[in-house]
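Below is one structure, written out as structure tokens, with a few remarks after it.
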Amino acid sequence: MTTPSTSTPSTTAPATDLIAHARTDSAAGLDALLLAVGRLTADDLAGPSTLEGWTRGHVLSHVAGLGGAMVRQAQAAERGEVVPVYASPEARTALIEAGAGRTVAEHVAALTAVRDDLAGAWPQAGSPLWDAPSGYRGGPLSGCVLAWWREVRIHSVDALHGTAREVGYDTWDDALCAHLRDFLAVRLPDGVTVDDVAGDPRDVTVWLAGRVPATPLPGDLPELGPWPSAVPSR
């Protein structure tokens with residue numbers, strides 16, 4: 001588990017087209033994850049994910065828990081309220097642990113509920129609610145859909161790695177890779193930019209996200225700082 005970064009990405013509201021794309025692609029990513037999870041076995045769920053100390057069940061529980069938290073952010077924004085994403089880091093950990101041992105059917109049910117709830121909770125394209133304050137990083141609600149987009153696509157790879165339904169980083173489209181490079185640039189040491197890191201841009205993005213790229217990056221790589229987060233995250 002990483003610790004919060006002392007630097008945070010900009011909370012400037014993103015362009016409307018990026019918000020729309022994030023909503024569309026995160027929904028497609030969740031649909032693909034649901035289809036894959038439904039074909040996993042109990043042994044798959046109990047097996048290790050790419051994240052140290054977490055089974056695949058832990059990753060899926062985290063995705064479902066965060067999805068529920070994003071639903072609450074959208075609902076609160078509609079009421080004109082601001083609520084925390086999680087009550088505390090301890091509450092987040094407890095939520096993940098509570099769902100880690102679900103059966104395949106239970107994971108599918110939890111993720112399906114998140115899919116349906118988010119479809120009804122996110123504002124329509126162009127809605128002023130995307131600019132409403134949220135409990136995520138003290139930024140607008142649009143930051144929540146971007147966070148959800150990142151989490152669904154990254155953790156799908158984490159959860160399915162080593163299974164017959166494994167997916168790769170090629171499921172990250174160019175828009176997501178560009179967004180991740182911008183969001184994660186704060187992990188680089190002072191004076192180092194993403195453009196300074198040699199290698200295929202997608203592999204650089206994967207490395208910035210703390211994952212192992214398909215092709216090792218050449219040269220000596222700088223040490224990455226923590227994942228930028230308002231609460232401890234993976």
Side-chain angles (χ1 to χ4, degrees), residues 1-27 29-30 51 59-96 99 110-111 113-115 117-156 158 175-176 178-187 208-210 225-234:
M1 181 176 294
T2 61
T3 54
S5 172
T6 54
S7 299
T8 56
S10 171
T11 54
T12 302
T16 300
D17 57 348
L18 183 61
I19 299 171
H21 182 74
R23 181 176 177 182
T24 298
D25 192 60
S26 60
L30 184 56
L51 302 178
V59 179
L60 296 175
S61 178
H62 171 47
V63 172
L66 181 65
M70 294 297 101
V71 170
R72 293 189 291 275
Q73 290 299 306
Q75 292 171 338
E78 189 171 18
R79 297 192 304 268
E81 299 174 3
V82 175
V83 298
V85 176
Y86 297 104
S88 66
E90 293 76 19
R92 171 186 177 273
T93 298
L95 182 65
I96 293 167
L111 292 169
V114 165
R115 180 193 64 187
D117 288 347
L118 279 172
W122 289 132
Q124 295 300 309
S127 170
L129 278 176
W130 288 115
D131 295 323
S134 77
Y136 178 71
R137 301 179 183 279
L141 183 63
S142 56
C144 293
V145 76
L146 294 179
W148 176 240
W149 183 29
R150 294 190 297 268
E151 295 284 312
V152 167
R153 285 299 187 179
I154 292 174
H155 285 320
S156 290
D158 293 334
L176 177 61
H179 167 65
L180 285 172
R181 287 192 292 271
D182 180 62
F183 177 77
L184 296 172
V186 297
R187 301 191 73 189
L208 271 176
W227 184 281
S229 181
V231 296
S233 184
R234 287 180 181 247

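Note that the numbering runs from 1 along the sequence shown for the chain. Basis for what follows: all heavy atoms, side chains included, without hydrogens, waters or symmetry-related copies.
- Closest non-hydrogen pair, Leu184 versus Pro228, comes out as CD2-CD, 3.8 Å.
- Considering every non-hydrogen atom in both Ser156 and Val152, the closest pair reads OG-O, 2.7 Å.
- Between the side chains of Asp182 and His179, not a single donor N or O lies within less than 3.5 Å of an accepting N or O.
- Atom CZ of Phe183 and atom CH2 of Trp227 lie 6.5 Å apart (nearest 0.5 Å).
- Closest non-hydrogen pair, Leu141 versus Leu129, comes out as CB-O, 3.5 Å.
- For the pair Ile19 and Val145, the minimum side-chain heavy-atom distance is below 4.5 Å.
- Here the side chain of Ser134 pairs a donor or acceptor atom with the backbone of Gly139 at under 3.5 angstrom.
- Closest approach of Val114 and Leu30 over heavy atoms only: CG1-CD2, 4.4 Å.
- The NE2 atom of His62 sits 8.5 Å away from atom CG of Leu51, with the distance rounded to the nearest 0.5 Å.
- Side-chain atoms of Trp122 and Cys144, non-hydrogen and from C-beta on, do get closer than 4.5 Å to each other.
- For the side chain to side chain contact (heavy atoms under 4.5 Å, CB included) test, residues two or more places apart in sequence or in another chain that qualify with Ala175 are His21, Trp149, Asp173.
- Side-chain contact between Glu81 and Gln75: absent, with no pair of heavy atoms (C-beta onward) separated by less than 4.5 Å.
- Nearest heavy-atom pair, Gln73 versus Val83, reported as atom, atom and distance to 0.1 Å: NE2-O, 2.8 Å.
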